[in-house]
Amino acid sequence: MVKLGLIGCGAIAHTHVSNLTSALNNGEVTAIYDINKDAAEQINQQFELNAKVYESIDEVVNDLNVDALMVCSRNDAHVDPVIKAIEAGKPVFVEKPLATVASDCKKVVDAELKAGKRLVQVGFMRRFDPFYIQLKDEIDSGEIGKPLMGYNRHFTTRPATNYFETPNMINDAFIHEIDITHWLFNEPYTSVQVQYARPNSLNTATKLKDPQIATLHMKSGAIVNTYLTQNSIYGYDVMCQVIGEKGIAQLPDMPTIEVRKSGKISHTIDEDWTKRFITAYQVELQTFINEVADGEELTGPSSWDGYVAAVTADCAIKSQADESLVPIKLDDMPDLYK
Ligand SMILES: NC(=O)c1ccc[n+]([C@@H]2O[C@H](COP(=O)([O-])OP(=O)(O)OC[C@H]3O[C@@H](n4cnc5c(N)ncnc54)[C@H](O)[C@@H]3O)[C@@H](O)[C@H]2O)c1
């Protein structure tokens with residue numbers, strides 16, 4: 001049994017712990033920390049974890065009854081526990097984004113290089129989604145020819161709360177498309193541009209410009225557009241379409257059953273993000289647990305993937321200031337990640 005120390009006990013922690021206690025094998029939470037102790041106590045009680053609730057990250061990391069860490073705190077509170085876990089030689093699963101700026105991701109990469117082995121898995125769970133995997137297999141098979149361009153839709157259900165400001169669209173939402181597009185096209189980005197479409201009058205988040213269109217350019221000339229909104233009135237909607245030289249491959253428009261009734265064909269659309277990727281959340285965490293249990297080096301999305309996404313995100317946030325095309329420059333990939 002892999003004993004997990006949980007840092008951060010909000011919405012996504014509930015999803016992961018629910019999966020751990022109902023669907024996954026060989027993992028249990030034995031220690032918990034949240035800056036808000038009530039949140040730590042609440043998750044401990046709700047899922048009857050009988051874990052130790054600690055007052056600090058250090059106590060969780062150094063607990064002898066903790067084999068590995070799960071970092072599910074807010075975006076700007078990932079780096080400290082991740083580096084502490086690496087320094088303690090303990091594998092760590094960390095939610096996306098690895099950090100909110102590339103310079104902090106670099107600190108994680110440097111700590112991992114010092115440790116000499118991969119100890120970090122970043123929560124880019126779409127790479128574990130069965131449909132995205134089929135999409136990648138189709139592209140890699142060459143059946144649609146070289147990928148030329150693509151389209152992503154990332155619509156999250158309204159109302160966008162005041163937590164959401166314009167830059168959040170990048171690190172909370174677009175970061176998923178940054179990672180998955182890079183994974184699907186298997187080549188580096190050269191530039192990114194963010195533009196604003198007609199403002200949605202239903203948007204009540206005062207510091208959020210919504211909707212946004214982000215364009216990723218690649219070395220080969222391939223271009224991928226992503227349409228983003230936090231104010232989807234009809235439900236949570238993610239789509240990805242890749243157009244190749246010989247054909248098109250895309251996710252199912254809505255991965256729910258089709259119903260024909262009363263003169264209509266219909267699909268149910270999820271109300272929020274919690275259901276669409278439930279299998280992906282389960283497979284990503286089970287993969288992490290299995291590799292930790294077997295003492296294997298981690299193979300899921302790496303801290304280098306987190307760094308690549310963060311460099312791109314930094315440039316996208318820069319572009320948000322004036323909607324300009326911002327060039328992307330990456331450091332060379334260290335051998336550890338090849
Ligand atoms: N992979 C996905 O699809 C997905 C979905 C949702 C959230 N997330 C990511 O998961 C993380 C958490 O998001 P959420 O929706 O659960 O947010 P949330 O606001 O519901 O929960 C965040 C929790 O972190 C705690 N926290 C804040 N600062 C902390 C600190 N310094 N140390 C310890 N705990 C701290 C808060 O008290 C809160 O309990 C974010 O990084 C988010 O981007 C990923």
Side-chain angles (χ1 to χ4, degrees), residues 11-12 14-15 18-19 22-23 124-139 141 143-145 147-161 163-164 168-169 172-181 183-184 195-205 208-216 223-244 246-284:
I12 195 70
H14 280 72
T15 296
S18 168
N19 286 333
S22 64
F124 289 128
M125 80 298 177
R126 290 190 188 182
R127 295 190 189 201
F128 297 90
D129 173 68
F131 289 119
Y132 270 110
I133 290 171
Q134 286 177 51
L135 188 56
K136 179 156 178 64
D137 287 347
E138 187 65 31
I139 297 165
S141 74
E143 289 295 315
I144 64 161
L148 307 175
M149 51 191 166
Y151 161 76
N152 296 304
R153 183 163 65 232
H154 190 156
F155 286 8
T156 300
T157 322
R158 72 184 293 269
T161 61
Y163 161 81
F164 261 91
N168 289 94
M169 193 72 99
D172 283 272
F174 182 47
I175 197 89
H176 281 296
E177 279 77 23
I178 291 175
D179 179 68
I180 205 73
T181 304
W183 184 69
L184 289 171
Q195 293 170 290
Y196 305 107
R198 179 179 179 172
N200 185 342
S201 64
L202 302 175
N203 174 31
T204 51
L208 172 69
K209 286 193 184 179
D210 187 297
Q212 302 182 24
I213 305 170
T215 307
L216 290 162
I223 297 179
V224 173
N225 271 324
T226 302
Y227 285 35
L228 300 145
T229 180
Q230 292 293 323
N231 283 288
S232 172
I233 199 147
Y234 63 85
Y236 180 76
D237 189 2
V238 165
M239 162 52 74
C240 176
Q241 182 184 69
V242 177
I243 299 156
K246 295 190 278 183
I248 294 176
Q250 66 182 52
L251 298 181
D253 197 26
M254 197 44 69
T256 53
I257 61 155
E258 183 178 291
V259 177
R260 290 162 192 248
K261 206 183 84 183
S262 310
K264 282 186 188 159
I265 296 176
S266 65
H267 283 260
T268 301
I269 302 180
D270 293 335
E271 283 175 14
D272 60 30
W273 56 268
T274 52
K275 293 198 194 87
R276 165 66 181 87
F277 290 108
I278 195 74
T279 305
Y281 292 128
Q282 290 172 354
V283 180
E284 71 170 351

Apply side chain to side chain contact (heavy atoms under 4.5 Å, CB included) to Glu138 and Lys136, showing your working. CA-CA 5 Å; Glu138 187 65 31; Lys136 179 156 178 64; over 6 Å; no
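- Taking 4.5 Å as the limit, some side-chain heavy atom of Tyr234 sits within range of a side-chain heavy atom of Ile269.
- Using a distance-only test at 3.5 Å, with no hydrogens or angles considered, no donor-acceptor pair links the side chain of Thr229 to the main chain of Phe155.
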Carefully, step by step, assess Asp253 and Arg153 under the rule salt bridge (charged side-chain N to carboxylate O under 4.0 Å, His left out). CA-CA 10 Å; Asp253 197 26; Arg153 183 163 65 232; 3.2 Å; yes
Run the numbers on Met125 and His176 for side chain to side chain contact (heavy atoms under 4.5 Å, CB included), then give the verdict. CA-CA 9 Å; Met125 80 298 177; His176 281 296; 3.5 Å; yes
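- Taking CG from Asp237 and CG from Asp270, the interatomic distance works out to 9.5 Å, rounded to the nearest 0.5 Å.
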Tell me, with the steps shown, if Tyr236 and Glu271 meet side chain to side chain contact (heavy atoms under 4.5 Å, CB included). CA-CA 6 Å; Tyr236 180 76; Glu271 283 175 14; over 6 Å; no
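- Within the 3.5 Å criterion, the main-chain N or O of Ile178 finds no donor-acceptor partner in the side chain of Thr181.
- In this structure, Asp129 pairs ionically with Arg276, as a charged nitrogen and a carboxylate oxygen lie closer than 4.0 Å.
- Between Tyr132 and Trp183, the shortest heavy-atom distance links the atoms O-CZ3, 3.9 Å.
- Between Tyr196 and Asp210, the side chains place no donor N or O within less than 3.5 Å of an acceptor N or O (distance only, hydrogens not considered).
- Listed here is the closest heavy atom pair of Ser22 and Ser18: OG-O, 2.6 Å.
- Listed here is the closest heavy atom pair of Asn168 and Tyr163: OD1-O, 3.3 Å.
- Of all non-hydrogen atoms in Met239 and Gln250, the two that sit nearest each other are CE-NE2, 4.1 Å.
- Annotation for Ala23 and Gln282: closest pair CB-NE2, 3.7 Å, computed over non-hydrogen atoms.
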Decide salt bridge (charged side-chain N to carboxylate O under 4.0 Å, His left out) for Arg126 and Glu177; before the verdict, give the C-alpha distance in whole Å, the side-chain angles of both, and the deciding distance to 0.1 Å. CA-CA 9 Å; Arg126 290 190 188 182; Glu177 279 77 23; 2.8 Å; yes
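- Contact record, Ala160 with Ala205: O-CB, 3.6 Å, taken as the closest heavy-atom pair.
- Aromatic pair Phe128/Phe277: ring centres not closer than 6.0 Å.
- The only option from Thr156, Asn203, Leu208 that meets the side chain to side chain contact (heavy atoms under 4.5 Å, CB included) definition with Phe164 turns out to be Leu208.
- Within 6.0 Å of atom CE in Met149, 12 or fewer heavy atoms from other residues, nucleotides or ligands are found, so the atom counts as exposed in its surroundings.
- With no hydrogens or angles considered, a side-chain donor-acceptor pair links Asn225 and Thr215 at under 3.5 Å.
- Side chain of His154 to main chain of Val238: no donor-acceptor pair is present (N/O by atom type, distance under 3.5 Å, no hydrogens or angles).
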